[in-house]
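Quick notes on the structure that follows.
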Amino acid sequence: MPQDTPSPIDLPEAELDEAGLGWTFGVIAIASLFLLCANAVSLRDWIDDQPPGPTQQRAAEWADDWLDMTEAMGIGLPRKAIHDQWKRAEEARFPEHGEKEEGAEAAER
Amino acid sequence: MLFPTLSFGLFFLVVFTVVWAASGSNEWRKILLLVASWFFYGAWDWRFVALLIGSALLNWGSAELIWYNREASAGRRRAIMIAGVAGNLLILGFFKYYGFFVEQLGDVLRVAGYARDLPLMQVVLPVGISFFTFQGMSYLADVHAERLAPAKLLDVTLLMSFFPHLVAGPIVRGSDLLPQFEDSPRLTRDMASMGLVLIVWGLFKKAVVASELSTGLVDPVFFDPASHSQLDLIAAAYGYAVQIYCDFSAYSDMAIGIAALLGYRFPLNFNQPYRAASLQDFWRRWHISLSSWLRDYLYIGALGGSRKGFTRQRLNLMVTMLLGGLWHGAKWTFVIWGGLHGGVLALERIWDRVRPEGWPRLPKLLAILITFHVVVIGWIFFRAESFDAALAYLKGIGTASVASDVLTPLACALILFGMAIHFTPANLGQRLALQVRTLPAWALGLLVGLTILIVDSMRFEGVAPFIYYQF
């Protein structure tokens, strides 16, 4: 491969003498299966966004059932917990602002 | 089809499987990659796939003609090269600048008292046109200079259409990619590990940092600067600096990572740009594939660089940066952004020349701070809708007295994070890749899945297009 221009792909140590393709397939397959189970809500949302039709409708029903099943088993809980925490961080305001708003609301009342 | 979406994820899973399954034949592998690239591009607008093919034919044909005439006079070969470059510029000019230039012409005629109804058209801008036309032009220049032999039609078409870099770079030159097309690549654990690190890191920068800053802070403040406080205006300017870095470098990281998983090596495009201690240093770290393109083919290749004296060198710098600004879009704000960079680059050269012997250099930290703030002022022009809006924004930073509530603790934390990552060791990602390459597939698979799950839980609903898609 040409080495004239630097690339982040060139790691600073000697290359591992082990097969890469099967290993990468394994990594991607495991990651995909993990996300299929733990992130069923994203799959359901994506299918809901597809153009409507008989296939989409069948897929949406399957995705709903799948989401219900993963939620019943508690697999979707970590995602929900992180998402809720992130939403709280998004809604947080600096204290002075919150106090000012409370003051304004009190004055309006 | 945006990188950080499930649509792209599924598309990539299919391409990855099919392309590696077909690796027994390099030609079939490339044909499959080409079809996948057209499918990827056609997801925006199928009509422009024809433009992509036409553009590849133009560059392949011109390069063949240059090579065929290699025993002929230099003037003839140069004329063919110029005709090919002009063809690329015509494509770019029509789709990207037609409306802009006709409007300017109309204004000039009106001022001169010759007002006319000029043929204005609504031209749809094909995604990534600036990237693939620049790739085509550099290919022709390299073949003309005999730095590169002309490649087969399939290879040239794939060079220009290859989906990881197609819509927002990096601008991968023929000399980087064409030799890699000669044989079926081999996927090593190193490439795969670094590719996965880059994809997940890019996903985080785009889907979490850039999207959150864009929707929560930058867009509302730039939309109506007059109704925001001084603090909001300052924070949104810093916020945009972090947003555009996290947005654009994320695309580059993901593009490099995706190409690596397919067995190809793309060049580095960003190297912690906000730790630059001068503007010259900034341009060695920001959008490296564009800045090196402009340096090699425009500043040195077409304008002569510093070979024609010091005054000409400064003029060349200014012209290069003005055109670099215009490359980003048909708006005066981009030209002003380029002019500001060109002006400061020229001042740096002058100062280097006239600085009295023995005068101390600026402390590095101060130089970094000054450079960063010059860059931030430039970003205000880059982001603003018009020159007047940019001036109003800058004026607001000095005078605004409105109280507003856009700045949140989360936005502050993301701005600080976006700056802090510039001061970590430059090869942190590579060190991480060295660690993960030794993990068993199941462990790394779970780690990648878990990281994507965390990013997906934090991401803003929906994904905004990458900023550089419009260029």
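Within every chain, numbering begins at 1; the chains are lettered A, B, ... in the order of the sequence lines, protein sequences first and strands thereafter. No hydrogens, no waters, no symmetry mates; every other heavy atom, side chains included, goes into these values.
Chain B is approached within less than 4.5 Å, heavy atom to heavy atom, by no residue from residues 60-70 of chain A. Contacts between residues 13-23 of chain B and chain A, counted as heavy-atom pairs separated by less than 4.5 Å, involve B:Leu13, B:Phe16, B:Thr17, B:Trp20. Against chain B, the residues from residues 27-41 of chain A that qualify, each with a non-hydrogen atom under 4.5 angstrom away, are A:Val27, A:Ile28, A:Ile30, A:Ala31, A:Ser32, A:Phe34, A:Leu35, A:Ala38, A:Asn39 in number order.
With a threshold of 4.5 angstrom between heavy atoms, B:Pro170 does not approach chain A through any atom at all. For chain A, the nearby parts of B:Leu450 are the backbone and the side chain; heavy atoms of each come within less than 4.5 Å. Within the 4.5 angstrom heavy-atom criterion, no atom of B:Val172 approaches chain A. Heavy atoms of B:Ser292 lying under 4.5 Å from chain A are absent altogether.
Heavy-atom pairs under 4.5 Å with chain A peak, among B:Arg189, B:Glu182, B:Arg437, B:Met194, at B:Arg189. Counting heavy-atom pairs under 4.5 Å between each of A:Pro12, A:Gly26, A:Ala81 and chain B puts A:Pro12 at the top. Between chain B and the options A:His83, A:Glu15, A:Glu13, heavy-atom pairs under 4.5 Å are most frequent for A:Glu15. Taking B:Val448, B:Leu434, B:Asn427 one by one and counting their heavy-atom pairs under 4.5 Å with chain A, the maximum is reached by B:Leu434. Chain A forms more heavy-atom pairs under 4.5 Å with one residue of B:Pro409, B:Ala192, B:Ala413 than with any other, namely B:Pro409.
A:Ser42 has its side chain within reach of B:Asp456: a pair of non-hydrogen atoms, C-beta onward, lies under 4.5 Å apart. Between A:Trp23 and B:Ser193 there is a side-chain heavy-atom pair separated by less than 4.5 Å.
The nearest pair of heavy atoms linking B:Thr408 to A:Ala92 is CB-O, 3.8 Å. Pairing each heavy atom of B:Pro267 with each of A:Ser7, the nearest pair is CA-CB, 4.2 Å.
In terms of the side chain to side chain contact (heavy atoms under 4.5 Å, CB included) criterion, residue partners of B:Leu6 (sequence neighbours excluded) are, by chain and number, A:Leu43, A:Trp46, B:Leu10.
Put simply, CD on A:Gln50 and OG on B:Ser7 are 5.5 Å apart, with the number rounded to the nearest 0.5 Å. Atom CG of B:Leu407 sits about 9.5 Å away from atom CZ of A:Arg93, to the nearest 0.5 Å. With rounding to the nearest 0.5 angstrom, the CD1 atom of B:Ile288 is 10.0 Å from the OG1 atom of A:Thr5. Here A:Phe94 contributes atom CZ and B:Leu231 contributes atom CG; the two are 8.0 Å apart, rounded to the nearest 0.5 Å. Atoms OG1 and CG, from A:Thr24 and B:Leu196 in turn, are 7.0 Å apart once rounded to the nearest 0.5 Å. To the nearest 0.5 Å, the span separating CG on B:Asp190 from CD1 on A:Ile9 amounts to 9.5 Å.
Proximity of a side-chain donor or acceptor of B:Gln430 to a complementary backbone N or O of A:Asp10 within less than 3.5 Å is detected. Distance alone, capped at 3.5 Å, places no donor-acceptor pair between the B:Thr188 side chain and the A:Gly20 backbone.
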Next on the checklist: A:Glu90 vs B:Glu212, test: side chain to side chain contact (heavy atoms under 4.5 Å, CB included). Steps then yes/no.
Outcome noted: CA-CA 9 Å; A:Glu90 277 181 333; B:Glu212 188 68 43; 2.5 Å; yes
